[in-house]
Amino acid sequence: GAVVSQHPSWVICKSGTSVKIECRSLDFQATTMFWYRQFPKQSLMLMATSNEGSKATYEQGVEKDKFLINHASLTLSTLTVTSAHPEDSSFYICSARVWGQGLRETQYFGPGTRLLVL
Amino acid sequence: QKEVEQNSGPLSVPEGAIASLNCTYSDRGSQSFFWYRQYSGKSPELIMSIYSNGDKEDGRFTAQLNKASQYVSLLIRDSQPSDSATYLCAVNIPSFGNEKLTFGTGTRLTIIP
């Protein structure tokens with residue numbers, strides 16, 4: 001399968017600081033990437049869809065001014081959590097969409113970034 | 001009604017037995033269905049994808065899809081302790097120009113040695 005990397009894998013920061021998370025497709029080009037958040041013992045929640053060269057599409061209830069997404073190239077999308085607060089502490093996971101035969105899509109996930117805001 | 005429903009478990013299966021995981025979905029227009037495995041503290045890993053009615057086999061895993069019943073399942077044969085994980089069912093919800101996956105809450109599977 002396709003390989004997706006994320007950096008960093010762990011972040012601990014003080015309340016009020018901003019944190020940038022990178023998501024890279026290593027062996028393919030991804031016009032669309034997705035950002036998810038997962039709280040302990042809960043399922044994945046889609047935050048936004050990141051499209052190369054255009055603005056991200058945010059899910060209802062996700063503050064676009066707080067979670068800035070940039071998809072400047074076909075292999076890199078970034079998520080910046082601005083002015084992070086303890087309630088933003090979570091497991092952030094990106095995925096990249098891969099199109100196969102018959103326009104069938106598959107999503108491959110990065111290893112995730114665990115954010116702890118003190 | 002949730003878009004994708006799974007029994008949260010935990011589901012306990014003896015080693016060597018068949019584990020059966022089930023998932024139902026609400027949108028009849030869905031065309032793509034996936035099973036992901038997630039170990040504790042890790043991100044999801046794609047196990048199976050299925051797009052047509054019937055069975056699809058890959059090693060010890062078999063995915064079954066019944067679009068008429070809006071039902072998709074995953075069978076794990078010869079269960080191993082390493083299969084202990086949370087299994088997420090994901091369904092592509094059609095949305096013109098904005099297709100995305102919707103995940104179930106996951107079924108926690110424990111294989112008992």
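Below, chains carry the letters A, B, ... as their sequence lines are ordered, and counting in each starts from 1.
- Interatomic distance, CZ of B:Phe34 versus CD of A:Gln107, reported as 7.5 Å (0.5 Å rounding).
- Ranked by non-hydrogen atom pairs under 4.5 Å with chain B, the options A:Leu46, A:Thr32, A:Leu44 are led by A:Leu44.
- The hydrophobic cluster containing A:Trp35 also contains A:Val117, counting ILVMFWY residues as joined when their side-chain heavy atoms lie under 4.5 angstrom apart, directly or transitively.
- Of all heavy-atom pairs spanning A:Phe91 and B:Gly41, the tightest one is CZ-O, 4.0 Å.
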Name the atoms and distances for all side-chain donor-acceptor pairs under 3.5 Å in residues 17-24 of chain A, with sequence neighbours left out.
unit_1	atom_1	unit_2	atom_2	d
A:Thr17	OG1	A:Lys14	O	2.7
A:Ser18	OG	A:Ser83	N	3.4
A:Glu22	OE1	A:Arg24	NH2	3.4

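- In terms of heavy-atom proximity, B:Lys100 sits nearest to A:Arg97 at N-NH2, 4.3 Å.
- Looking at B:Leu88, the atoms closer than 4.5 Å to chain A (heavy atoms on both sides) all sit in the side chain, from C-beta outward.
- Annotation: side chain of A:Gln42 is not in contact with side chain of B:Thr105 (no heavy-atom distance under 4.5 Å).
- Taking A:Arg114 as the reference, nothing meets the salt bridge (Lys or Arg N to Asp or Glu O under 4.0 Å) condition, with sequence neighbours excluded.
- Residue A:Ser43 comes nearest to B:Phe103 through the heavy atom pair OG-CB, 3.8 Å, listed as atom of the first residue, atom of the second, then distance.
- A distance-only check finds a donor-acceptor pair linking the side chain of B:Ser43 to the backbone of A:Gly110 [under 3.5 Å].
- Interatomic distance, A:Ile93 CD1 to B:Gln38 CD, rounded to the nearest 0.5 Å: 5.5 Å.
- Only the side chain of A:Gln38 comes within contact range of chain B, judged by heavy atoms closer than 4.5 Å.
- B:Glu45 does not touch chain A: none of its heavy atoms, backbone or side chain, sits under 4.5 Å away.
- Residues of residues 65-81 of chain B never come closer than 4.5 Å to chain A when only heavy atoms are counted.
- A continuous path of Ile, Leu, Val, Met, Phe, Trp and Tyr side chains, each step under 4.5 Å between heavy atoms, connects A:Leu79 with A:Leu115, placing both in one hydrophobic cluster.
- A:Leu68 is not connected to A:Phe34 by any chain of hydrophobic side-chain contacts under 4.5 Å among Ile, Leu, Val, Met, Phe, Trp and Tyr, and they are in different clusters.
- A 4.5 Å side-chain heavy-atom check between B:Leu46 and A:Thr106 finds at least one atom pair inside the cut-off.
- Residue B:Leu101 is not grouped with residue A:Met45 when hydrophobic side chains (ILVMFWY) are merged at heavy-atom distances under 4.5 angstrom, including chains of intermediate members.
- A continuous path of ILVMFWY side-chain contacts below 4.5 Å connects B:Val4 to B:Met48, so both sit in one hydrophobic cluster.
- Within the structure, no pair that satisfies the salt bridge (charged side-chain N to carboxylate O under 4.0 Å, His left out) test touches residues 28-55 of chain A, not counting sequence neighbours.
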